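Here's the structure we're looking at; comments come further down.
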Amino acid sequence: MKRVVIVGVGFGGLRAAQALSGKGLDVLLVDRNNYHLFQPLLYQVATAVLEQESIVYPIREIIRHWKGIRFQLAEVRNVDLERRQILTADATIEYDYLILAAGSITNFFGMDTVKRYGYDLKYLSDAVMLRSHILYAFERAAQRQNLPEREALLTFVIVGGGPTGIEFAGALSELIHHVLSKDYPELQVKDARIILVEAGGSLLLTFPKKLQDYARMRLQQIGVKVRLGTAVSGAGPSRVLLKDGTWISSYTLFWAAGVCAASLADALPVMKVRGSRVAVKPNLTIEDYPEVFVIGDMAYFEQDRQPLPLTAPVAMQQGEYAGRAVLQCEYGNSVEPFRYYDRGSMATIGRGAAVANIKNFNFSGFPAWIIWLVLHLFFLIGFRNRVVVLLNWAYDYFFYKKQVRIITQKGREAESETY
Ligand SMILES: Cc1cc2nc3c(=O)[nH]c(=O)nc-3n(C[C@H](O)[C@H](O)[C@H](O)COP(=O)(O)OP(=O)(O)OC[C@H]3O[C@@H](n4cnc5c(N)ncnc54)[C@H](O)[C@@H]3O)c2cc1C
């Protein structure tokens, strides 16, 4: 029986496995985590809306009824394309077909201090750490008499005006103004500052102008200060350095300004483009190795001369395609080039507001928010998770309460300035 190895049980890898289930092949899923993570809701864990368990699902439960699919918990360290093997810490796994779907990591563009002092959102542990850090900043502020330090503790700098930065800014504003303001009567919580910094000239670059303007207006309404055309060049424990030489006193820098391919991409001796992503052929394989597919965030693919975005729908469609392509190769059929079907994009901006561009129709405000809620619930894996998330959202919406206001890690303590 031919063996298909799929690295990564994210959006792309799972879809590929599903397409191959029950087709008479031996399919092995390999991931360093034993769960599928729904990354689009990480920011809600970081802002105390959801428990971490409600956005993950055990992989063995997902594949329980998928015929011919097995799972192995392991970190893949290397790929030997000539021998058709992947290498983990303690095993060598052979394959006939390989689907690489290891996703992406945060790109700090070589700014070591930003990496060191900033927070990002990629893994579940990042979200829990960021939540703890935000809450801990309030606890520390409540104990400080020194006004500038208090101000810096209550200043939150978000870098990146894409969907992640905007969604996080909206949710943070809600947490601070509707919840923490009541938790900390001794603080002037209304003085807390959220500053969204974007190097380009507009927010939500890929959205229509009308929705970009709505997003900016809405953020300003809920107290987020938007600074366009402003680039960050470094950070310290209590300040964020800007490219123009000025700085913002802040203990919290949230970096949402870029991603690059997961480090496994380095193992492939093929051309890398924009953020070390693997340049794939029209059928998502790599040059000279027709049995190796690279999909999702790891892959660089141009359609109509535009690179595809790094989103869950792209990864899912590519996963489904790669699974079907493997089957077509097995049957000896030729494979049509991959084509992405774009159904649209959306982002929330705090309570009851969002922007959505669906099949060229623009929605904003409450209707867009409802569309966002329904679609995210639909794509979340697991009935229990859907119920838990829906209950949390409803409870939060009607009672202005965020249940997960717990500090489970101390966050990074201020260290001495290094510059
Ligand atoms: C905070 C945040 C918010 C987002 N919001 C949205 C959104 O609203 N809408 C949207 O469409 N997209 C959103 N995205 C992007 C979306 O999540 C990604 O595009 C999508 O997850 C990519 O799918 P993938 O299958 O390529 O990789 P992933 O889903 O990232 O899965 C990669 C898998 O590979 C595993 N892995 C990595 N390296 C190894 C290794 N060496 N060995 C073994 N396993 C490995 C990982 O553990 C992971 O399970 C968001 C992303 C983030 C981080």
Side-chain angles (χ1 to χ4, degrees), residues 5-17 28-47 55-57 59 62 71-79 86-89 91 93 99-107 119-127 130 158 160 162-168 171 204 206 254-259 261-267 277-278 284 293-301 308-320 322 340 342-348 354-356 372 375-376 379-381:
V5 172
I6 302 174
V7 180
V9 299
F11 288 100
L14 265 192
R15 279 296 168 109
L28 179 66
L29 276 167
V30 184
D31 200 296
R32 59 177 163 221
N33 296 316
N34 74 335
Y35 54 81
H36 167 77
L37 169 64
F38 194 82
Q39 291 173 24
L41 289 180
L42 272 174
Y43 80 94
Q44 296 211 354
V45 174
T47 50
I55 65 163
V56 293
Y57 208 75
I59 185 66
I62 298 174
F71 173 69
Q72 186 165 326
L73 181 71
E75 167 130 19
V76 178
R77 302 232 168 124
N78 214 337
V79 182
I86 59 163
L87 313 170
T88 69
I93 302 168
I99 301 178
L100 289 172
S104 55
I105 53 174
T106 303
N107 191 351
Y119 289 79
D120 63 327
L121 273 184
K122 197 65 208 168
Y123 308 115
L124 204 51
S125 52
D126 294 334
L130 182 53
I158 298 164
T164 303
I166 282 177
E167 292 193 329
F168 181 74
L204 296 174
T206 56
F254 172 61
W255 183 259
V259 291
S263 50
L264 198 54
D266 299 340
R277 289 156 72 197
V278 178
L284 306 184
F293 294 80
V294 181
I295 61 169
D297 283 5
M298 267 187 100
Y300 179 86
F301 186 92
L308 290 185
L310 282 74
T311 61
V314 171
M316 288 194 283
Q317 289 183 32
Q318 291 189 335
E320 205 172 320
Y340 173 58
D342 187 1
R343 295 188 178 88
S345 39
M346 56 184 77
T348 52
V355 286
W372 183 94
L375 284 179
H376 278 70
F379 283 111
L380 194 63
I381 292 181

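The first residue of the sequence shown is numbered 1, and numbering continues consecutively from there. Ligands are counted one by one from 1 in listed order, and the atoms in each one are counted from 1 as well. What you are looking at is a predicted structure, and each value in this text was computed from that prediction instead of being measured.
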Can you pull the residues with any heavy atom under 4.0 Å from ligand 1?
Gly8, Val9, Gly10, Phe11, Gly12, Asp31, Arg32, Asn33, Gln39, Pro40, Ala74, Glu75, Val76, Ala101, Ala102, Gly103, Leu121, Lys122, Thr164, Gly296, Asp297, Leu310, Thr311, Ala312, Pro313, Ala315
Give a yes or no answer on whether the side chain of Arg277 reaches the backbone of Met298 with a donor-acceptor pair at less than 3.5 Å.
no
Got Ile59 and Asn33 here, is their nearest side-chain heavy-atom distance under 4.5 Å?
no
Heavy atoms of Ile99 and Ala16 approach each other most closely as CD1-CB, 4.0 Å
Which atom names give the shortest non-hydrogen contact between Val278 and Ala265, and what distance separates them?
CG2-CB, 3.8 Å
Mind checking side-chain hydrogen bond (donor to acceptor under 3.5 Å, both in side chains) for Tyr35 and listing every partner two or more places apart, or none if nothing turns up?
none
Applying the ring-ring contact (aromatic ring centres under 6.0 Å, His included) test to His36, which of Tyr57, Phe11, Phe71 qualifies?
Phe11
